[in-house]
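As a basis for the values below, the full set of heavy atoms in this structure was taken, side chains included, without hydrogen atoms, waters or symmetry mates. Not measured: the values here are computed from a predicted model.
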Amino acid sequence: MRLMDGGTPDDSQRGFFGRPLFNDPSARALRHVGVIDVGSNSVRMVIFDGAARSPAYFFNEKVLCGLGRGLTATGRLNPEGRARALATMKRFALLARGMNLSNLTIVATAAIREAEDGPEFAAEVAQATGLEMLVINGAEEARLSAQGVLTGWPGAAGLVCDIGGSSMELAEIGDGEVHRCVTSPLGPFRLQQVEGGKKGLRRHINQVLRDLCGEIGDHHDALYLVGGSWRALARLDMHRRNYPLLVLHEYEMTPKSVRRTMDWLKEHDPERLRAQTGMSVERMALVPLAVQVLRQLLHVFRPKRIHISGYGIREGILYDQMPEELRRRDPLIEACRFAEHQNARLPGFGRKLYDFLLPLWRSAPERRLRIIKAACLLHDVNWRTHPDYRADACFDTATRANLGGLNHDERVFLSLALMYRYKTNGMTPRMQRVSELLEEDERRAAQILGRALRFGAMFSMDGPENGGELRLFPKKKVLELVLNPDTSDLFTEVAEARFAALARLLKAETKVRVARRRAMVQPDAQA
């Protein structure tokens, strides 16, 4: 496995119109990359595919083996867990051979590195499967998990906390790099062996965290949580809040909200909550200990924002193998470009559509422009869906797709814009609930984008710029369309109706004229 330091994101290198990289040899080498993560609680194999900068999961299977259960007391791997892990590794080896992988990395973490029979088990796996495990130390585990967060959040800055079965790692990230990394024995399996009851457990956790704080500092506004126990707690937070968008990646919580959920858990039956949220028995059993750790973590480090990361050590290993140019790309835009290339009727049209519509958002900040770019790329990827369900499919593309670099507000905004690209009337109850995560002005802005997509997408099939040029005069409240004299016949009643609908949302009057041939201005290709 190749190890590299994280690069510094450079906005100039994340450009929407830079050379596509998903077909570059360096990126194609990352297709069908496999990672097997042999953890203290679970053994998982993931095969990545698609746009390497934004991981797509070609295959993803996990078995909760519990290798580290009882390790503190016995010093050895759990016998039942060891048998299950070996059987799982045999299956994974056979599956990997059938997938023609370009690379397969097997990493083992706390349980294997700390158990006295860890080397023996690694040798047993190698003999039975031919797979060589790389046993990494705690600092390396922290570094890889932090790189996983950077895979989804190129501009992330704060503290990454990855909790596994037998250990908990912390890493400081910022400026696109991983800085200080530390490890601790705060995994739930270890905590089960702490003596002294609840008070003894609380004192132990507090002391360990204060020691870690001395090593890594306490000035971290954002806390990024990695690991199944944190995701389980976030799912419970969603359940308590009746949150309508069940996407864990980039789910954001406040310390106040998390504390409320932790108190709420004391009043409810764990088995009933487990059934209601679809959680496994093994995972739910570890939640109370994770709660104890998080409560003290919030007390010691005092973050202002808490983010859940669906990316961790496995994505960090993929990030390790990315060339620097690919790391600097925007994961959202790269994923959308790949989706357009694979699924749109006219790959490459998204760039033309963005150029054509850009005059409507000349003063928009870069954060909004990248969502508009994403919408232009995705506006046509669901064209094969039955017309009666196309708006729903577009909505689901954004709300349910595995996309990095997209917080929940942006995800909902994108989903509404894509829906309005096809839908002209009301929303379904499900869509309405999700849309209410946004303020009214943001919902209206998404509708404007959707109507703009609807007009521009079908104005001219070889590119809307060949039909004309849009101009918006906000102070005069005028939306002007300057038609190309050679193709002015494109603007008939269907195009006129869609143009008028867009103008009404902008609260602008329409103005349409045919340009003189020498005055026709093409959009700036570098906008």
Side-chain angles (χ1 to χ4, degrees), residues 238 241-254 257 305 307 332-333 336 350 353-354 356-382 385 388-401 403 405-458 470 472 474 477 479 497-510:
M238 288 178 168
R241 296 175 57 196
N242 196 26
Y243 192 77
L245 184 59
L246 300 181
V247 175
L248 286 168
H249 185 59
E250 296 212 28
Y251 178 61
E252 185 172 342
M253 302 179 288
T254 64
S257 171
R305 304 181 310 279
H307 304 274
L332 172 64
I333 299 303
C336 292
L353 182 57
Y354 176 79
F356 178 70
L357 298 178
L358 186 59
L360 303 181
W361 292 281
R362 285 292 185 190
S363 60
E366 176 60 31
R367 191 170 188 86
R368 175 52 53 85
L369 289 177
R370 68 188 289 270
I371 302 302
I372 295 170
K373 294 170 186 177
C376 289
L377 288 166
L378 296 177
H379 85 277
D380 193 46
V381 298
N382 296 107
T385 306
D388 291 346
Y389 295 99
R390 206 167 283 161
D392 299 63
C394 287
F395 186 85
D396 290 342
T397 292
T399 54
R400 300 180 179 182
L403 295 171
L406 193 68
N407 66 35
H408 279 208
D409 285 353
E410 293 167 335
R411 187 179 285 267
V412 175
F413 185 96
L414 180 59
S415 71
L416 288 176
L418 293 172
M419 180 198 71
Y420 281 119
R421 182 259 186 267
Y422 287 105
K423 199 176 186 69
T424 58
N425 48 22
M427 292 182 279
T428 66
R430 176 176 66 88
M431 293 174 177
Q432 184 65 43
R433 283 193 66 226
V434 173
S435 73
E436 288 171 359
L437 291 174
L438 297 182
E439 298 294 333
E440 184 177 352
D441 61 337
E442 283 293 279
R443 295 198 296 270
R444 179 179 176 80
Q447 188 177 13
I448 291 171
L449 175 55
R451 289 291 185 264
L453 294 172
R454 185 172 177 81
F455 170 63
M458 292 301 177
L470 275 178
L472 178 64
K477 295 187 177 181
L479 178 64
R498 293 180 176 181
F499 182 63
L502 172 60
R504 282 194 297 273
L505 281 174
L506 290 168
K507 298 181 180 179
E509 298 292 327
T510 60

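- By the 4.5 Å heavy-atom criterion applied to side chains, T510 and L502 are not counted as neighbours.
- No side-chain heavy atom of E252 sits under 4.5 Å from any side-chain heavy atom of H408.
- Put simply, the side chain of R443 never gets that close to the backbone of E436: no donor and acceptor are under 3.5 Å apart.
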(message) Please determine whether side chain to side chain contact (heavy atoms under 4.5 Å, CB included) holds for the pair R430 and F395, giving the CA-CA distance in whole Å, both sets of side-chain angles, and the decisive distance to 0.1 Å.
(response) CA-CA 10 Å; R430 176 176 66 88; F395 186 85; 3.9 Å; yes
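- The side-chain heavy atoms of V434 and M427, taken from C-beta on, include no pair separated by under 4.5 Å.
- Between Y251 and Y243, the ring-plane angle classifies as perpendicular under the 30° and 60° cut-offs.
- Considering only heavy atoms from C-beta on, L369 comes within 4.5 Å of Y354 through its side chain.
- Rounding to the nearest 0.5 Å places CD of E440 at 10.5 Å from OG of S435.
- With hydrogens and angles disregarded, no donor-acceptor distance shorter than 3.5 Å links the side chain of H307 to the backbone of N407.
- Taking all atoms of both residues into account, the shortest heavy-atom contact from V412 to L437 is CG2-CD1, 4.0 Å.
- Atom OG1 in T428 sits 8.0 Å away from atom CE in M419 (nearest 0.5 Å).
- Between the CH2 atom in W361 and the CD1 atom in I371 there is a gap of 12.5 Å [rounded to 0.5 Å].
- Once rounded to the nearest 0.5 Å, the distance linking CG of L479 with CD of E509 reads 10.5 Å.
- Nearest heavy atoms, S257 versus R241: OG-CD, 4.1 Å.
- Of the possible polar contacts, one joining the R411 side chain to the L403 backbone as a donor-acceptor pair under 3.5 Å is found.
- Between D380 atom CG and L418 atom CG the span is 11.0 Å, to the nearest 0.5 Å.
- Counting only distance, with no hydrogens or angles, the side chain of R444 and the backbone of L505 share a donor-acceptor pair below 3.5 Å.
- Enclosure of atom CD in Q432 by more than 12 non-hydrogen atoms of other residues, nucleotides or ligands within 6.0 angstrom is indicated.
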(message) Pair L360, I372 - check side chain to side chain contact (heavy atoms under 4.5 Å, CB included), show working.
(response) CA-CA 11 Å; L360 303 181; I372 295 170; over 6 Å; no
(message) Could you go through S415 and T397, starting from their C-alpha distance and side-chain angles, then the distance that decides it, and tell me whether this counts as side chain to side chain contact (heavy atoms under 4.5 Å, CB included)?
(response) CA-CA 7 Å; S415 71; T397 292; over 6 Å; no
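- R451 places none of its side-chain heavy atoms less than 4.5 Å from the side chain of R504.
- Across all non-hydrogen atoms, the minimal contact from L377 to C336 is CD1-CB, 3.7 Å.
- Residues C394 and N382 share a closest heavy-atom pair of CA-OD1, 3.6 Å.
- A374 and I333 make their closest contact through N-CD1, 4.0 Å (heavy atoms, listed as atom of the first residue, atom of the second, distance).
- Remark: the backbone N or O of R454 is not paired with any side-chain donor or acceptor of R421 at under 3.5 angstrom.
- The salt bridge (charged side-chain N to carboxylate O under 4.0 Å, His left out) search around D392 returns none, not counting sequence neighbours.
- Counting heavy atoms from C-beta outward, L449 and L416 have side chains that stay 4.5 Å or more apart.
- Of all heavy-atom pairs between L357 and A452, the closest is CD2-O, 3.7 Å.
- The side-chain heavy atoms of T399 and V247, taken from C-beta on, include no pair separated by under 4.5 Å.
- Looking only at side-chain heavy atoms (C-beta outward), L470 and F356 come within less than 4.5 Å of each other.
- To the nearest 0.5 Å, the span separating CG on L353 from CZ on F455 amounts to 10.5 Å.
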